[in-house]
Amino acid sequence: MTAEEKILHKLRKAQRKEERLVEALKKIEPSETSETNHDPEILTPEEHFFFLKMGLKCKNYVPVGRRGIYQGVILNMHLHWKKHQTLQVVVKTFSPEEVKEIASELARLTGGIVLGIHEEYTIIMYRGKNYSQPPTEIMSPRVALSRKKALDKSKHKDGLRAVRKYIPKLEQDLDLLRAQAKRKPEIETDAIEETQETDIDSVDSRSSSNFKLEPSDKLKEIIGRSKGCSEDDLVTDSEMPSDSEDLSDIFETDSDKETEEKAERPLYLEEFEKFPVESDGEPEDFEDHLRQISMDSKKAKSVNEDADLPNFDEVDRIFLRAASLLKKKRR
């Protein structure tokens, strides 16, 4: 079965169920109807306000459940009216519109007066000024349903209410499916047109790519030439740093030699630095030459006084001269 056939099958089944529930309710309803005219007593506004206030304060009440109005509810109301003038009928399982219908039905069956509806689910009723307890036939009238029939009636009403809510949903789903079925050919034609447009666009893109590939050969040749030139430049560049590397090697070797000479310097030269500087050769400057002459004259005078001083050999004098020169360089 298709989706449309399934919905149609459910719709027909729901319609049949609705017909069966309506027939069952007709059978449960009592055949006899109360043709007695309900002529309630007329109350003044003061009396109405007084009895309404009394009914709100009173604690005696009669509950009405899912069964609704049946013989037991009417009997309980009359039993309460034996000792109390007002009464509360609590109806919580019905809608506000159904509560109004129940109030009018109770007034017709019991002969009381409806004073008002409090908070949408509490009916306040007054028994009347000249109330007297009726006979049992009136206290439990045949027009009202029995307990069992009232329960069956409530079940049928609930089922009928649910079916009547379900049928419009099925009809709406059926209309949507039929509308989609009508739109399918239009959608298919639109899809075919889109595919054709995409094919045309792909053909155009391929042709444009072929036109673009033709000048790409020339570009490849230019790139190849530029690569050849770049390789020649790289060769020359690789040759240039070789000369610089040779020069750096030379300077590195010289610096290494100087460090080795410094490392090999004899330690005894440091001891000769403590001796006074003496030089037998020619001085480098004129001022040094004059100083040398003065020093020689002083030495000649002090030779006789310092006869005990040791006489240095030529080797010692060489070392002393070298030490004096090193000392000058450091200064």
Side-chain angles (χ1 to χ4, degrees), residues 17-43 45 47-49 51-56 58 60-81 84-129 131 134 137-168:
K17 188 175 181 180
E18 185 182 7
E19 291 174 359
R20 279 190 275 110
L21 290 170
V22 170
E23 290 176 1
L25 284 171
K26 285 180 181 178
K27 288 179 181 178
I28 290 170
E29 289 290 340
S31 58
E32 295 180 1
T33 57
S34 60
E35 295 179 355
T36 57
N37 295 323
H38 177 59
D39 188 12
E41 296 177 1
I42 298 169
L43 299 174
E47 290 175 347
H48 186 275
F49 177 77
F51 289 123
L52 181 63
K53 194 172 182 180
M54 186 188 294
L56 291 171
C58 72
N60 54 325
Y61 69 95
V62 175
V64 177
R66 62 175 297 182
R67 290 180 177 86
I69 299 169
Y70 63 99
Q71 293 175 356
V73 174
I74 296 165
L75 180 63
N76 287 333
M77 289 175 71
H78 283 289
L79 291 173
H80 277 287
W81 278 338
H84 303 283
Q85 292 181 350
T86 58
L87 175 71
Q88 290 183 5
V89 181
V90 181
V91 186
K92 288 188 177 180
T93 57
F94 296 93
S95 63
E97 295 177 356
E98 291 176 346
V99 170
K100 291 177 182 179
E101 292 177 1
I102 290 168
S104 62
E105 187 70 17
L106 286 172
R108 185 177 63 81
L109 292 172
T110 59
I113 300 166
V114 179
L115 297 174
I117 298 170
H118 181 64
E119 293 181 356
E120 296 184 355
Y121 61 86
T122 304
I123 304 166
I124 298 166
M125 295 190 72
Y126 173 59
R127 67 182 182 179
K129 292 179 182 180
Y131 176 76
E137 294 178 357
I138 297 172
M139 290 175 69
S140 57
R142 294 179 181 177
V143 178
L145 297 172
S146 64
R147 187 182 178 87
K148 185 179 179 183
K149 287 184 177 180
L151 182 62
D152 294 337
K153 183 180 177 181
S154 68
K155 288 179 181 178
H156 293 320
K157 277 186 175 181
D158 292 338
L160 186 62
R161 193 182 296 113
V163 168
R164 285 176 177 173
K165 284 182 180 179
Y166 184 58
I167 287 169

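All values reported here derive from a predicted model rather than from experimental measurement.
Residues Arg127 and Met77 fail the side-chain proximity criterion, which asks for heavy atoms closer than 4.5 Å. In this structure the side chain of Ile113 never reaches within 4.5 angstrom of the side chain of Phe51, judged on heavy atoms. Side-chain contact check for Met139 versus Leu79: some heavy-atom pair is nearer than 4.5 Å. Contact of the Lys149 side chain with the Lys153 side chain is not registered, since no non-hydrogen atoms from C-beta on lie closer than 4.5 Å. Taking 4.5 Å as the limit, some side-chain heavy atom of Tyr70 sits within range of a side-chain heavy atom of Val73.
Asn76 contributes no side-chain N or O that, together with a main-chain N or O of Tyr61, makes up a donor-acceptor pair within less than 3.5 Å. Listed for the His48 side chain is a donor-acceptor partner under 3.5 Å among the backbone atoms of Leu115. With hydrogens and angles disregarded, a donor-acceptor distance shorter than 3.5 Å links the side chain of Glu41 to the backbone of Lys129.
Atom CD of Glu97 and atom CD1 of Ile102 lie 12.0 Å apart (nearest 0.5 Å). Distance check, rounded to the nearest 0.5 Å: CD of Glu101 to CD of Glu98 gives 6.5 Å. Note that the CD atom of Glu23 and the CG atom of Leu25 stand 10.5 Å from one another [nearest 0.5 Å]. The NZ atom of Lys148 sits 10.5 Å away from atom CD1 of Ile28, with the distance rounded to the nearest 0.5 Å.
Judged as a side-chain hydrogen bond (donor to acceptor under 3.5 Å, both in side chains), and not counting sequence neighbours, the contacts of His78 are Tyr131. Legend: residues meeting side-chain hydrogen bond (donor to acceptor under 3.5 Å, both in side chains) with Glu119, ordered by chain and number and at least two apart, are Tyr121. Not counting sequence neighbours, Lys17 has no partner by the salt bridge (charged side-chain N to carboxylate O under 4.0 Å, His left out) test.
Summarising the local packing, CD of Glu47 is surrounded by more than 12 heavy atoms from other residues, nucleotides or ligands at distances under 6.0 Å.
Closest approach of Arg66 and Ser154 over heavy atoms only: O-CB, 3.0 Å. Contact detail for Trp81 and Met125: the closest heavy-atom pair is CZ2-CB, 4.0 Å. The minimum heavy-atom distance between Thr86 and Cys58, with the atom names listed, is OG1-SG, 3.8 Å. Of all the heavy atoms in Ile124 and Gln88, the pair that sits closest is CG1-CG, 4.4 Å. Pairing each heavy atom of Ala144 with each of Ile74, the nearest pair is CB-CD1, 4.0 Å.
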Exercise for review: Give the C-alpha distance, both sets of side-chain angles, the deciding distance and a yes or no for side-chain contact (heavy atoms from CB on, under 4.5 Å) between Arg147 and Leu151.
Suggested key: CA-CA 6 Å; Arg147 187 182 178 87; Leu151 182 62; over 6 Å; no

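Checked for salt-bridge contact, Arg161 and Asp158 meet the test: a charged N lies under 4.0 Å from a carboxylate O.
Partner of Val114 under the side-chain contact (heavy atoms from CB on, under 4.5 Å) criterion, out of Val89, Ile123, Leu106: Ile123 alone.
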